[in-house]
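Take a look at the structure below.
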Amino acid sequence: MKLPADFYLREDPCIISKELLGKTLFSRVDDQLCCGIIVETEAYMGPVDRGSHAWNLKRTPRNEIMYSTGGVVYMYICYGIHDMLNVVTGPAETPHAVLIRAVEPVSGIEIMRERRGVINNDFRLCQGPGALAKAFGLQKIHNGLSLQHDTIWIEEGAEVEESRIVTASRVGLNIEEPYKSIPWRYYIKGNKFVSKPRT
DNA sequence: GCGACGATCATCT
DNA sequence: GATGATCGTCGCG
């Protein structure tokens, strides 16, 4: 069962980020079904977050979809190379989002290996937002798709106990304090599919 | 296992 | 013209 539309409508993207841990991400692209357990997420707090594309209510053609009603996908290209998968949350005109950073592959693993090319271990198949989007066949062309449709969606999964959730600062943001250090990253403790921040 | 580096281009100023 | 919510590879030892 897909998560209900109102799951995404709550105001606080931190709550949603945390609750997305353990849920199951699906994609059906080129008629190939892939799914995996979400193990790492980051919240982007729209207007009050220097790290967000919607900082200070900035509005451009690229981030326009962040202003729509929660429950759609925001995809964009980073470093000219990598597609990033975000879930838009909150009511309309509230440009919050959750970045899906890593997934533990469950099925469609052969497809993921093909899309990713030769890599020497499966822990890295969907480890990091760029890798995950590539493994699931997701690109900027999917920007704006509803999670209630059948290309990209999220279903229930196993409960993740509070004690297994780690809260940490976000990865890869070259911004000033305090935004750089605010703990808006969530991941499952000890899970080998979680990405490793570089220095 | 770890740090350095280059790839590569849409987007915004 | 500068920048970036990244990643794979290379050299090291």
Side-chain angles (χ1 to χ4, degrees), chain A residues 8 12-14 16-18 20-21 25 36 38-68 70 72-90 94-105 112-144 152 154 166-187 190 192-199:
Chain A
Y8 305 102
D12 186 354
C14 297
I16 298 173
S17 296
K18 209 188 241 192
L20 279 174
L21 297 178
L25 174 70
I38 298 173
V39 298
E40 181 182 5
T41 59
E42 283 178 2
Y44 285 85
M45 291 287 273
V48 299
D49 178 3
R50 194 56 224 267
S52 169
H53 291 167
W55 158 245
N56 208 18
L57 287 178
K58 181 171 165 180
R59 196 161 182 155
T60 67
R62 177 177 68 162
N63 73 5
E64 180 61 32
I65 202 70
M66 296 181 81
Y67 289 82
S68 59
V72 299
V73 153
Y74 171 43
M75 297 210 61
Y76 71 97
I77 294 180
C78 188
Y79 291 98
I81 305 173
H82 305 291
D83 296 276
M84 301 284 173
L85 170 65
N86 296 258
V87 172
V88 174
T89 69
T94 308
H96 297 322
V98 175
L99 172 69
I100 312 293
R101 284 194 58 86
V103 159
E104 175 174 339
M112 296 184 194
R113 290 197 190 106
E114 273 176 40
R115 287 178 177 145
R116 293 274 285 129
V118 180
I119 58 171
N120 46 15
N121 85 57
D122 282 354
F123 290 128
R124 292 168 49 191
L125 269 182
C126 304
Q127 188 177 72
L132 138 65
K134 189 168 183 189
F136 275 69
L138 303 175
Q139 305 176 68
K140 205 188 76 168
I141 54 169
H142 299 110
N143 187 49
I152 311 173
I154 301 174
V166 181
T167 302
S169 55
R170 294 176 295 180
V171 177
L173 293 174
N174 196 16
I175 54 179
E176 75 272 22
E177 300 294 354
Y179 306 99
K180 192 178 172 64
S181 300
I182 299 178
W184 279 337
R185 174 176 177 233
Y186 303 88
Y187 62 90
K192 293 209 161 68
F193 298 85
V194 171
S195 74
K196 313 218 181 347
R198 312 195 180 195
T199 49

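Computed from a predicted structure; not experimentally measured. Residue numbers start from 1 in every chain, and the chains themselves are labelled A, B, ... in the order their sequence lines are given, proteins ahead of strands.
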Which part of the nucleic acid, if any, lies within contact of [X], taking any heavy atom under 4.0 Å across all strands shown: a base, the sugar-phosphate backbone alone, or nothing?
| X | result |
| --- | --- |
| A/R62 | sugar-phosphate |
| A/R116 | sugar-phosphate |
| A/R198 | base |
| A/G172 | sugar-phosphate |
| A/G130 | sugar-phosphate |

Closest approach to the side chain of [X], judged atom by atom: which nucleotide of [options] is it?
| X | options | answer |
| --- | --- | --- |
| A/M66 | C/dT6, C/dA5, B/dT8 | C/dA5 |
| A/L99 | C/dA5, B/dC12, C/dG4 | C/dA5 |
| A/L173 | C/dA5, B/dA7, B/dA10 | C/dA5 |
| A/K58 | B/dT13, C/dA5, C/dT6 | B/dT13 |
| A/Y76 | B/dA10, B/dT11, C/dA5 | C/dA5 |
| A/T60 | B/dT11, C/dC7, C/dT6 | B/dT11 |

Whole Å only: how far is the [atom1] atom of [X] from the [atom2] atom of [N]?
| X | N | atom1 | atom2 | value |
| --- | --- | --- | --- | --- |
| A/N63 | C/dG4 | CG | C1' | 15 Å |
| A/Y74 | C/dA5 | OH | P | 9 Å |
| A/N174 | C/dA2 | CG | C1' | 13 Å |
| A/W55 | C/dA5 | CH2 | P | 15 Å |
| A/N56 | B/dC12 | CG | C1' | 15 Å |
| A/Q139 | C/dT6 | CD | P | 18 Å |
| A/H82 | C/dC7 | NE2 | P | 6 Å |
| A/W184 | C/dA5 | CH2 | P | 15 Å |

Subject >> Of A/K140 and A/Y79, the one whose closest DNA chain B nucleotide lies more 5' >> reply: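 Nearest-nucleotide comparison on DNA chain B picks A/Y79.
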Original post:
For C/dG8, does either OP1 or OP2 sit under 4.0 Å from a side-chain N or O belonging to A/K134?
Top reply: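 So the side-chain polar atoms of A/K134 never come under 4.0 Å of the phosphate oxygens OP1 or OP2 of C/dG8.
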Original post:
Hey, is the side chain of A/H53 poking within less than 4.0 Å of OP1 or OP2 on C/dA5, counting only N and O atoms?
Top reply: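 Yes, within the criterion.
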Original post:
In Watson-Crick or G-U wobble terms, both distances under 3.5 Å, what is the partner of B/dC12?
Top reply: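 In the structure as shown, B/dC12 has C/dG1 as its Watson-Crick or wobble partner.
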Subject >> Any-strand Watson-Crick or G-U partner of B/dG6, both distances under 3.5 Å >> reply: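 Across all strands, the one nucleotide that pairs with B/dG6 is C/dC7.
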**OP:** Hey, could you give me the CD/CD distance between A/Q127 and A/E40, rounded to the nearest 0.5 Å?
**Re:**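 Taking CD in A/Q127 and CD in A/E40, the distance rounds to 8.0 Å.
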Subject >> Of A/V103, A/L25, A/V98, A/N143, the residue whose pairing with A/L85 passes side chain to side chain contact (heavy atoms under 4.5 Å, CB included) >> reply: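 Of all the options given, the one that passes is A/L25.
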Original post:
Where do A/I152 and A/H142 come nearest, in terms of heavy atoms and distance?
Top reply: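 What the structure gives for the nearest pair is CD1-CB, 3.9 Å.
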Original post:
Do the non-hydrogen side-chain atoms of A/D49 and A/R170 ever get within less than 4.5 Å of each other?
Top reply: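 Contact flag for A/D49/A/R170 side chains = yes.
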**OP:** Please answer whether the main-chain N or O of A/V171 pairs with a side-chain N or O of A/E42 as donor and acceptor at a distance below 3.5 Å.
**Re:**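 Such a contact is found between A/E42 side chain and A/V171 backbone.
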Original post:
Around A/N121, counting heavy atoms of other residues, nucleotides and ligands shown, do more than 12 lie under 6.0 Å from its CG?
Top reply: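 Counting other residues, nucleotides and ligands, CG of A/N121 exceeds 12 neighbours.
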**OP:** Return the stacking result for C/dA5 and A/Y44: yes when the ring centres lie under 5.5 Å apart and the planes under 30°, no otherwise.
**Re:**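 Taking the rule of under 5.5 Å and under 30°, the ring of A/Y44 does stack on C/dA5.
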